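As the structure lists them, so they are numbered: ligands from 1, and atoms in each ligand from 1. Source: prediction; values computed, not measured.
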Amino acid sequence: MFDRLPAPQPDGILQVMAAFRADPRDSKVDLGVGVYKDADGNTPVMGAVKRAEARLVEAQDTKTYTALAGDPAFHQAMAALLLGGVTPAARLAAAAATGGTGAVRLGLELIRAANPAARLWISRPTWPNHITIAEAVGLAWSPYRYLDAEAGALDRTGMMADLEQAAAGDVVVLHGCCHNPTGVDPDLSDWAEIAALCERRGLIPMVDIAYQGFGEGLDADAAGLRHLASRLERVIIAASGAKNFGMYRERVGIAMVITPEAERDVVQATLAALNRASISFPPDHGARVVTTILTDPALKADWADELEAMRQRIQRLREGLAEAVRAETGSDRMGFVAAQKGMFSTLPLTEAQIAALREDHGVYAVGGGRVNMAGLTEESLPQVARALAAVLRS
Ligand code: LMR
């Protein structure tokens, strides 16, 4: 039977990851997969994570199953981090998931279970896995305009005009902050407009928030989500702890749903049942480390300081790259990268220029022009600026 099995579509981000690993050049620079790197090009375990893990090893006396939805203490800690108290617990359902990806999957499976006719509205561009998961789950989707590529800014008019086409019950997939792949986020007045549109047209936002703390800070990065949460009856959240706790391989994630109180218990039971049908009990180690950090004021402060240092480093790299490209090209065409947020920017490059960056200069960007600013180091930045100038000239 497998002779008729169609080969899966390759994922652009994972292809770049594999090509980078296979490249023997010492001078290669990985601006592909969304992983933070320090000044030495390493992705170390955060200090607060190390300490929380040491505590867990010492104190944990069982590794028996948690609950199907994971540990309620994890739900509470993540709700406080994400929502800052704007939503009462009686309106919150939640389930631990296998990373942010698993949380997206769980959120979409919940939507399909509740309303298989719901259409997803997904920004163009978006993280490619949003589309892969939507199609795997079997939900219809349509793109909405998002990026004004020349300005490196939000295409407000296009976005709102496209979302006006959505029907009641449709779901708008939004990036909570640090939009992947563009680094372009709605500002507070845009979030207010999005909330008003969802309310007026009966749309449900699903907010994928994987980079809280990398944009403008932990609270500022959640301000849009909190606005939606305080204004709307229903919001679906898919959150990741992979990046802001640096626990990529531990698969820390949570799906959270804000509902009217009367619907909360059935949503909670459905999230648990969906976990049962796919992974049974969710992974616990990373979630427990996150809970340990978020519920201990000293650990939390250390973690927040470390994350803030990472955020500031990315911001300096952004400014450094904008300046270096300006110096190399005499043009401010890529000046917008300094103002964008989080790990990613989408550079206005053709696929031929992206291939030339990779083949001639060993600089790996994802198709469509996405570069991970956190993959730059002070050492590699001039090389990348020269490579960009060279491909822009060609
Ligand atoms: C990325 O966008 O590079 C990360 O979220 C990693 C992934 O799984 O795609």
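For Lys28 and Tyr364, the positive end is not near the middle of the six-membered ring at less than 6.0 Å and at most 45° from its axis.
Ionic pairing of Arg156 and Glu193 is not present here: no N-O contact between side-chain nitrogen and carboxylate oxygen is shorter than 4.0 angstrom.
Distance check: Asp148 CG to Thr157 OG1 gives 9.0 Å after rounding to the nearest 0.5 Å. Taken to the nearest 0.5 Å, the CZ atom of Arg105 stands 9.5 Å off from the OG1 atom of Thr98.
Contacts between Arg370 and ligand 1 below 4.0 angstrom, taking non-hydrogen atoms only, involve the side chain exclusively.
Within the 4.0 Å heavy-atom shell around ligand 1 one does not find Met343. Heavy-atom distances between Asn180 and ligand 1 reach below 4.0 Å in at least one pair. Heavy atoms of Tyr248 come nearer than 4.0 angstrom to ligand 1 in no pair at all.
Taking atom 5 (O) of ligand 1 as the reference point, the nearest protein heavy-atom neighbour is Lys243 NZ, 3.0 Å. In this structure, the protein non-hydrogen atom closest to atom 9 (O) of ligand 1 is Trp127 NE1, 2.9 Å.
For Arg288 and Thr66, the side-chain atoms include no donor-acceptor pair closer than 3.5 Å.
Heavy-atom proximity to atom 6 (C) of ligand 1, evaluated over Val35, Val33, Asn372, Asp208, is greatest for Val33. When the heavy-atom distances from atom 3 (O) of ligand 1 to Gly99, Gly34, Pro128, Ala210 are ranked, the shortest goes to Gly34.
Within a 6.0 Å sphere centred on CD of Glu351, heavy atoms belonging to other residues, nucleotides or ligands number more than 12.
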